[in-house]
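Excluded from the calculations below are hydrogen atoms, water molecules and symmetry mates; all remaining heavy atoms, backbone and side chain alike, are included. Proteins get letters first, then strands, A, B, ... in listed order; numbering begins at 1 in each.
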Amino acid sequence: MRALLPALSLSVSVLLALFPPAGRAADAPLSEVVRETAAPAAVTGLQARDYLDNNDRGDKIELSWCLSADDGAGALSVLEYRVWRSQAPDEQGELVATLEPGTAAHVDTGVTPGVAYYYRVEAFDGALSSPAATAGPAVGRINLFQTSRLPVLVLSLAFFAMVIWFTRLAARGTNLFVRRIPGLNAVEEAVGRATEMGRPVLYVPGIGEIDDIQTIASLTILSHVAKIAAEYETPLIVPTARSVVMSAAEEVVKEAYAEAGHPDNYNPDNIRYLSDAQFAFAGAVSGIMMRERPAANLYLGAFWAESLLFAETGFETKAIQVAGTANVSQLPFFVTACDYTLLGEELYAASAYLSREPKLLGGLKGSDWMKVITICIIVAGVVLTALGVPQFGRWFFTQ
Amino acid sequence: MRREIPLAITFLAGMFMLVDFFVPHHRVSAAGEELKQWGTIVIAASILLGIGNLIRVHSKKIARRQSGWGFSLVCLSVMAVMLWFGMWPGAKLGPNPLVGSIAQGSYFNWMYLNMDVPLQGTMFSLLAFFIASAAYRAFRLRSPEASLLLISAIVVMLGRVPLGQLLTKGLPEKATLPWLTEAIMTYPNMAAFRGILMGAALGVMAMGLRIILGIERSYLGGEK
Amino acid sequence: MNRLGKFLQIDRRWIFLAILIAVLAPFIWPMGLPIVITKPVQDLYNAVDAIPPNGEPLFISIDYSPSTVPELDPMALAILRHAFSKDIRVAVLTLDPAGYGLAERALEAVAAEFGKERHKDYVFLGFQPGISAVVLGMGINIRNVFPEDAYGTPLSEVPMMEGIRNYDQIPLLITLSGTAVVEAWVIYAHQPYDAQIGAGVTAVMATDYYPFLDTGQLVGMLGGMRGAAEYETLIDRHDAGVRGMDSQSVIHILIIVLIVVGNIAYFGSRKRAPETAGGDAAA
Amino acid sequence: MNMTLIGTTLAALLTIAVYSFLYKDNPFYKFAEHLVVGVSAGYYLVIYYYNFIDPTVVSPVFRLRIGGDAILLGGVDWWMALIPGLLGLILYARFFPKIGWVSRWALGIYVGGYSGLGIAPVMQARVLDQIRGGALPVHALHTGQGWTNLLLVVGLLGTLTYFFFSLKHKGVLGGLARIGIVFIMVGFGASFGYTVMSRVSLLIGRMNFLLHDWLRIV
């Protein structure tokens with residue numbers, strides 16, 4: 001008996017070498033060959049087509065098939081399905097997926113749009129593969145509009161229309177009402193006090209990058225502050241944490257001094273880049289407060305944790321402090337530690353209000369009426385859900 | 001022309017990125033990726049602008065022997081040392097260079113971990129002290145609103161630490177501090193922050209639109 | 001000015017001293033107060049726990065800088081220990097230039113602790129600037145934004161990254177951050193690509209992200225050192241997070257006492273001497 | 001003494017130097033303050049160079065890696081990498097008054113691109129999704145869920161009203177805005193509580209470093 005087994009396997013392997021079963025890898029281990037001599041049944045009905053949800057980038061092809069007859073049954077039980085992809089009908093191509101038994105569909109997400117692909121699917125039982133089912137060509141079609149994002153487009157366009165409309169209205173000289181923003185007058189007052197005391201004004205435009213809207217709003221306010229400072233002939237120190245913000249601040253201040261008729265008083269050394277690192281910046285600004293003793297500290301822009309460090313050090317040096325940020329987590333500190341605070345959106349409103357440029361009010365008014373629309377949609381949503389209309393939530397589900 | 005070209009560039013770049021969001025076409029996204037890459041390269045290249053300003057301000061201080069010029073010298077020389085340790089090309093030879101490398105174990109990395117990290121962390125932690133003094137001198141029950149702020153702050157401060165949780169241990173679940181904290185976070189806090197989030201989002205979009213359309217141009221430096 | 005008014009004006013350095021004592025004392029005499037697990041932490045723990053071992057990797061984005069190390073480093077260590085103890089593969093990246101050294105330090109330390117092998121069990125992808133560009137780019141192909149790992153090995157030669165193409169093959173991505181980077185992951189990875197995002201944030205940012213938990217935009221969240229302490233309790237490996245919780249309790253109580261005393265002194269002094277009342281803040 | 005021990009001791013001394021600021025401004029603090037500015041400036045410069053300028057501009061343009069130029073930009077030739085390099089360079093045109101205005105082109109690409117990039121995703125994640133999350137069913141007032149949903153809806157509407165600038169806050173509008181400010185203040189309080197936690201954690205972290213990592217007494 002002991003001699004019989006090797007002899008048997010030898011003869012089988014010779015036979016197999018002469019008449020290989022379809023799909024078998026030529027170097028399959030001998031022992032497995034002994035155990036199994038037939039591959040699992042092939043899958044049937046393989047189909048390949050463009051993935052149809054109209055939102056993809058054309059990089060997906062959807063496959064479906066009927067399970068191999070041996071899936072989940074007997075000794076030839078399928079262990080996995082293997083999906084191959086190629087660009088020619090008779091090529092083996094690249095293995096793109098191995099799937100668990102019981103799977104009869106797959107979305108191939110790695111295709112190049114517009115290229116024709118052929119697919120082969122094989123059932124594999126651990127040793128042998130079934131004959132491959134083939135399908136193709138299938139082409140991933142590129143879509144030009146992502147329909148699932150339609151609600152975003154509709155609301156955005158409505159919003160744009162309102163902003164543009166109000167901006168034009170303002171440009172034509174229509175008086176647009178904006179409610180009083182507490183603390184706005186304090187800015188001028190603070191600069192005035194610094195002048196009386198003969199000490200500089202410190203203006204920190206936040207630590208946001210130039211693409212942060214708060215930074216841009218802050219630069220608009222800075223232009224206004226610089227004009228007052230120039231008129232009062234009070235030094236204005238602007239420390240920044242970003243290089244680009246520094247160069248923009250230089251331009252803004254230089255120009256404000258020129259407009260105020262004091263271009264010679266502009267001191268480039270007072271617009272300083274300190275550090276990109278948050279607390280290196282915070283520490284250095286605290287140092288400026290302790291040593292150069294500004295009498296008015298204005299913190300307007302995007303602030304994070306350094307807010308309280310500034311506000312408390314400024315309190316210690318007895319400066320009058322005005323702050324404003326849309327970073328909500330910092331507002332409690334500014335509110336408690338500073339003399340005046342612009343809350344959230346008031347910062348944007350202030351930039352429109354202070355620049356005395358009616359055009360800028362358009363954005364504010366547009367946002368305001370968008371808020372009304374938002375409120376209406378929420379109320380409508382609440383009512384519709386109460387009435388048992390579920391479509392509402394679905395419409396707002398975007399991807 | 002000095003004014004129009006940058007505004008046109010802003011408009012085109014902005015509109016393209018806006019359209020990119022709605023168009024899944026791979027060529028559009030590839031071009032969008034490219035444009036974003038350009039933007040970030042501009043920012044990366046800008047860092048020298050700031051460093052240049054830093055060097056100018058401090059070297060002026062040193063040259064004029066202004067008060068504290070010694071500290072300016074510290075600042076500039078440490079920066080030079082960091083650059084030397086980090087980028088000296090001649091030292092890149094050898095399997096595990098200590099100079100000219102930023103890998104773990106190099107001098108550059110050592111300076112970062114033992115100087116930059118502790119200094120920044122410690123400066124940040126100064127806030128714990130400042131919060132205490134602000135709490136003592138500024139948190140007043142001046143108005144009903146201020147009282148609400150204080151009460152909810154105290155509940156959260158107690159509800160999130162083990163000692164506070166022990167205080168209300170025997171009480172029914174809905175009277176315990178952790179439950180109240182969760183309730184404040186999940187209801188009033190969420191409603192308010194959601195509202196602020198939406199409002200701020202509109203502000204951001206309005207400003208974005210104004211920039212693209214060239215209405216807001218202060219970042220380009222004034223009006224001329 | 002009366003006595004209460006004077007009490008209000010004490011040198012703030014006494015307050016600083018009180019805080020210093022309050023933080024140091026529990027280190028020397030620990031109280032060992034119990035730690036209750038909250039839902040967002042449990043959710044994140046479960047999400048990590050559900051990742052199959054030696055399969056698709058957990059991605060951790062170390063998006064913090066030196067200033068928030070005390071809060072976020074314990075989280076990174078706890079999550080890494082959890083993953084490695086369950087043989088979950090880990091890929092680490094950073095979107096913060098200052099996070100490079102920190103990410104490397106945390107990953108190498110925990111990997112050595114568990115005897116894990118680079119490129120087989122974990123990979124460090126390094127730093128790429130341009131937050132939204134990187135996050136969006138990873139949705140198309142990780143190799144577009146991280147063509148090689150931090151040490152110059154092409155990703156195609158990293159065995160554990162085989163077949164990992166974009167968010168479809170990432171079971172969970174955890175961002176640890178003290179800034180708005182978390183929102184970038186939600187907006188540019190979860191929204192367009194349906195990536196599963198978890199977050200570990202500083203306590204101060206936690207309030208901002210509660211609305212995202214409710215809508216499922218974040219699967220779970222660790223908030224501050226307390227979150228780290230809870231995670232450490234869940235994996236039963238106490239470290240800096242748990243060690244600090246006693247001090248946290250004591251200082252919170254101290255600050256509340258300061259608020260109460262400050263108010264008593266303020267209103268007490270005002271009743272007798274109304275002219276000292278200074279409206280110093282606008283709400 | 002090995003490098004690790006020297007490093008930890010140095011870090012501990014710098015930590016103490018920063019804390020000395022709490023007593024008063026002094027030379028040790030000034031030293032630490034200038035040191036950290038220098039170290040971090042050097043750090044950023046080097047990290048940006050290695051991770052960004054080198055792989056995207058310097059390598060593709062100057063080293064002309066054979067067939068491998070395209071690593072980052074998905075099929076971009078080396079000359080394409082010149083464009084962002086030039087954009088970076090023209091930022092420095094501002095130092096030459098005659099061509100200074102060219103530097104605005106680079107800013108235009110950056111600010112314009114990112115403004116456009118931000119609009120739609122912000123509308124989606126912060127407006128649409130939050131509308132979906134905010135419009136909760138409130139009809140089932142016989143259940144606890146109904147009441148909490150009502151609370152959330154009213155709080156949201158109140159907050160939105162508070163930030164409405166176009167009309168004076170009077171009447172119904174004033175009432176809603178008043179509810180809004182109540183919610184905002186409770187939210188701020190919670191935020192304050194969490195921030196206290198956060199800052200205290202940082203302090204604890206530094207103390208843990210001093211006592212555990214450096215002195216090893218706990």
Side-chain angles (χ1 to χ4, degrees), chain A residues 55-59 113 142-146 149 153 156 159-160 163 167 209-210 213 216-217 219-220 223 242-244 246-248 251-252 255-256 269 272-274 276-280 282-283 305 308-309 312 326 328 332-333 336-337 344-345 348 359-360 362-364 366-367 370-371 374, chain B residues 18 21-27 29 39 42-43 46-54 56-57 60 67-68 116 119-124 126-127 130-131 133-134 137-139 149 153 193 196-200 202-211 213 215-216 218-224:
Chain A
N55 297 317
D56 64 307
R57 293 156 192 267
D59 57 356
I142 308 152
N143 300 290
L144 280 179
F145 182 73
Q146 188 154 347
R149 289 179 174 173
L153 184 68
S156 301
F159 179 56
F160 294 168
V163 171
T167 305
E209 190 50 91
I210 190 90
I213 305 302
I216 293 185
L219 288 174
T220 311
S223 152
R242 304 281 176 244
S243 301
V244 180
M246 178 210 70
S247 61
E251 297 290 331
V252 166
E255 213 142 305
D269 288 352
R272 300 173 198 166
Y273 164 82
L274 295 177
D276 265 272
Q278 187 183 14
F279 277 86
L308 186 67
L309 198 66
E312 274 293 294
V328 189
F333 299 98
T336 45
E345 272 184 282
Y348 306 133
K359 275 192 289 181
L360 294 187
L364 187 64
S367 306
M370 191 66 203
K371 257 169 254 163
T374 309
Chain B
L18 183 57
F21 180 82
F22 297 101
V23 178
H25 196 296
H26 67 109
R27 282 190 208 284
S29 6
V42 168
I43 284 300
S46 78
I47 187 160
L48 276 180
L49 276 179
I51 304 279
N53 178 289
L54 195 72
R56 200 190 66 215
V57 170
K60 234 183 216 177
S67 74
D116 204 21
L119 277 171
Q120 289 211 51
T122 312
M123 284 184 172
F124 203 168
L126 287 178
L127 286 171
F130 289 147
I131 272 192
S133 81
R137 68 165 185 85
F139 283 103
L149 192 156
F193 275 65
I196 293 173
L197 202 65
M198 290 165 114
L202 296 174
V204 167
M205 289 189 305
M207 187 69 101
L209 184 68
R210 272 161 30 194
I211 288 170
L213 297 181
I215 301 171
E216 173 70 61
S218 61
Y219 66 96
L220 291 175
E223 277 301 306
K224 264 146 235 115

So for [X], is it side chain, backbone, both, or neither that comes closer than 4.5 Å to the heavy atoms of chain B?
X	answer
A:Y348	side chain
A:A282	neither
A:S247	side chain
A:M370	both
A:A217	both

Original post:
A:S223, A:G283, A:A305, A:A256: which one forms the most heavy-atom pairs within less than 4.5 Å of chain B?
Top reply: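 Among the listed options, the one with the most contacts to chain B is A:A305.
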Original post:
Do you know which of A:L219, A:V244, A:T374, A:L153 has the most heavy-atom pairs under 4.5 Å to chain B?
Top reply: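 It is A:L153.
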Can you tell me which portion of [X] sits under 4.5 Å from chain A's heavy atoms? Options are side chain, backbone, both or neither.
X	answer
B:L119	neither
B:I131	both
B:L209	side chain

For [X] and [Y], work out which heavy atoms get closest and say how close.
X	Y	answer
A:G363	B:R210	CA-NH1, 3.6 Å
A:D269	B:V57	O-CG2, 4.4 Å
B:M123	A:F279	SD-O, 3.1 Å
A:Y273	B:L54	O-CD1, 3.4 Å
A:L308	B:F130	CD2-C, 4.0 Å
B:Q120	A:Q278	OE1-N, 3.8 Å

**OP:** Could you tell me whether the side chain of B:L127 reaches within less than 4.5 Å of the side chain of A:F333, counting heavy atoms only?
**Re:**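 SC-SC contact between A:F333 and B:L127 ruled out.
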Subject >> Pairing residues for B:L48 by the side chain to side chain contact (heavy atoms under 4.5 Å, CB included) criterion, not counting sequence neighbours >> reply: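 Per chain and number, B:L48 pairs via side chain to side chain contact (heavy atoms under 4.5 Å, CB included) with D:L45, D:Y92.
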**OP:** Say whether, by atom type as modelled, one donor and one acceptor occur between the side chain of A:S243 and the main chain of B:S46 under 3.5 angstrom.
**Re:**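 Here the side-chain-to-backbone pair exists.
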Original post:
Is a donor on one side and an acceptor on the other found under 3.5 Å between the side chain of A:R149 and the backbone of B:F21?
Top reply: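 At least one qualifying donor-acceptor pair exists.
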Subject >> Top of B:G203, B:S67, B:G199 for chain A proximity - count of heavy-atom pairs under 4.5 angstrom >> reply: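 Greatest number of close heavy-atom pairs with chain A: B:G199.
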Original post:
To the nearest 0.5 Å, what is the distance between CD1 (A:I210) and CD1 (B:I43)?
Top reply: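 That separation rounds to 8.0 Å.
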